[in-house]
Novice: 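Would you mind keeping the following structure in view while I ask a few things?
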2 protein chains.
Amino acid sequence: MTPVDQDAPLGRRDLRKQQTRAALTGAALRLCASRGFDQVTVDDISAEAGVSSRTFFNYFASKEDAVLGDHLVEVDAMRARLAVLLPTMPVLEAVRRAVLLVVAAMEADRDHWFLRMEVIHRSPQLLPRLVLSNAEAERGTTEQIAAHLDADPAAHGYPALVVATTSAAFRCAATRWMTARGALSLGALVDEAFSALAAGLPDPD
Amino acid sequence: MTPVDQDAPLGRRDLRKQQTRAALTGAALRLCASRGFDQVTVDDISAEAGVSSRTFFNYFASKEDAVLGDHLVEVDAMRARLAVLLPTMPVLEAVRRAVLLVVAAMEADRDHWFLRMEVIHRSPQLLPRLVLSNAEAERGTTEQIAAHLDADPAAHGYPALVVATTSAAFRCAATRWMTARGALSLGALVDEAFSALAAGLPDPD
DNA sequence: CCTTAAACTTGCAGTGGCTGCAAGTTTATT
DNA sequence: AATAAACTTGCAGCCACTGCAAGTTTAAGG
C-alpha cells in the first residue's frame, strides 16, 4: 500500500510497526466493507490484526482514522509543484496542473481507493472526517496563494474562493470516477471540471 | 430562534417541548463557546437546561446536533424559488438568486450564527458535521438541476459541479462574513463570490 | 369532572470508543 | 552482557449513547 519512504533506517522494530499498521488498516477496511462501519468494533479489528485493542489506539486516535488512513500524503508534493507554477501562469491554471499530481497518485492506488469508497458509501458518517482533513489541507493552500498574490487572506476573498471551488470541483470529478468504478480516467474528469470552472460554469450545450 | 411555524396546534406540551429544546441548544452553545466542545459533557448541558441527561438524547441524537441545530430550515424555500427561476435564466444566475433567500435568513439571525461560529471556530471537529448536512441538501438541488437540464446526473457532471462549487463559494462568503463579525453585508460578499465564479475565477486586479 | 390513553421524563443498566497508568516484553545501544 | 529506549498489554475509568421499564404529565372522550 504505502510504499517505503526513501532510504529509511529500518530496523526490525520499524518494520514490524509498518506491518502492524498495515494489518490494522487492512483489517478495518475489510471488515467495514463487508459489515458496515458500526457493526465492527475496535476489538474485532484488533483481533483480526492480531494485537490488543489497546495497541490499536497506539496507532490510531480513532476507529475512523484506521479506515480513512493517510489520504493526504501527496499534499506536500502538490504544494511544492504549486509554488513552482504560480509565478508563471494564472492561479486557476496552476492549481489545475498541481492537482494532476494527486490524480496520478490516486489512479496508481485505484483498488485501495475503491475499497475505501465502498466503506464510505456504506457508512456516510465517515464522510465528515474526510472533509475535515481536506479542510486543513485547503487552509494551507489558501495561504500559499494569498502570499503569491500579496493579499491579506482575511481581507481578500479570492484565495479561499479559488481553493474551495477547485476542491469542490475535484471532489465532483473523484465521485464520478468512483461511481463509474474507473471506467473513465480521473484525469480527464478533472480536466473537464476545471474547464467548466474556467469558462464560468455556463449552461452545457 | 426558529419562529413558530404558522398556526400550529400548540398545547402546553408542545410549548414546553419547544422551550426545553431551546434551553438545551442555548445551554450547549453557551457552555461550548466558553469552554470548548469537549470540555463540556452532556450532563453539564442537561443540568444547565434543567433536565436529565437521558432527556437530552430524546431531543438530540448527539451532542453535536445540539450545537449545530437546524441550520437547514430555509432549504425548502430556496428550492421552490429555484424551481421558478431555472426556466427563465442560466443555471448559475438562478442559483445565485435562490441563495439570496438563505442569505436573508442568516442575516436576520445574525447573533445566533456568530455564537455558533464561535463554537465551531473553537472546536473544528464540528465543521465536518456542518458540511455533511449541507451535502444532503446539495444532493437534492443537484437532482433538481439535472431534471431541468434533462440530464442524467450520473452521466453528466454539470449539475453536481454547479451545486458543489456554488456551495463552496457560499461557504467562503459566509466565513468572511463571520470573521468580519458582520461588518460586511453577507449579500454583498455572496454576490462578489458568484461574480468571480461566473467570470471563470480570473486572477484579481 | 373523571377516566383512560398517549406522550414525555427519568433512572438504570449496559455497550463501545477512548485514555492514562503501570507493569511487562522486545529491540537498540554501548 | 547491561542498560536504556520503545512497544505492547491489561486494567481501571470517563463519557457518549441506547433500550427498557417505570413514573409523571397532558390531551381526549364520556
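Values below: all heavy atoms of this structure, side chains included; hydrogens, waters and symmetry mates excluded.
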Novice: Name the nucleic acid region contacted by B:Tyr59, choosing base, sugar-phosphate or nothing; use a 4.0 angstrom heavy-atom cut-off, strictly under.
Specialist: sugar-phosphate
Novice: Please classify the nucleic acid contact of A:Ser62 as base, sugar-phosphate, or nothing, using heavy-atom distances under 4.0 Å.
Specialist: sugar-phosphate
Novice: Distance check needed: D:dT26 P versus B:Asp14 CG, whole Å only.
Specialist: 12 Å
Novice: Compute both the distance and the angle, then confirm whether B:Arg181 meets the cation-pi test with B:Phe114: under 6.0 Å from the six-membered ring centre, within 45 degrees of the axis.
Specialist: yes
Novice: Examine D:dT8: is either OP1 or OP2 under 4.0 Å from a nitrogen or oxygen in the side chain of A:Thr55? Give yes or no.
Specialist: no
Novice: B:Arg54 has a side chain; which of C:dG11, D:dC17, D:dT9 sits nearest to it?
Specialist: C:dG11
Novice: Between B:Phe60 and B:Phe56, what is the ring plane arrangement, given parallel below 30°, perpendicular above 60°, and tilted in between?
Specialist: tilted
Novice: Looking for any heavy atom pair under 4.0 Å, which part of the strands does A:Asp38 touch: base, sugar-phosphate only, or nothing?
Specialist: nothing
Novice: Over all heavy atoms of both residues, which pair between A:Glu107 and A:Leu186 is shortest? Give the atoms and the distance, please.
Specialist: OE2-N, 2.8 Å
Novice: Roughly, in whole Å, what's the span from CZ in B:Arg21 to C1' in C:dA7?
Specialist: 16 Å
Novice: Side chains of A:Asp44 and A:Thr41: do they bring a donor and an acceptor to under 3.5 Å?
Specialist: yes
Novice: In terms of the nearest nucleotide of DNA chain D, which residue is placed more toward the 5' end: A:Val51 or B:Arg16?
Specialist: A:Val51
Novice: Atom CD of B:Gln39 and atom P of D:dC14: how far apart are they, to the nearest Å?
Specialist: 16 Å
Novice: Applying a 4.0 Å non-hydrogen cut-off, can you work out what A:Asn58 is touching in the nucleic acid: base, sugar-phosphate, or nothing?
Specialist: base
Novice: Verify the contact: side-chain N or O of A:Lys63 to OP1 or OP2 of C:dG16, cut-off strictly under 4.0 Å; return yes or no.
Specialist: no
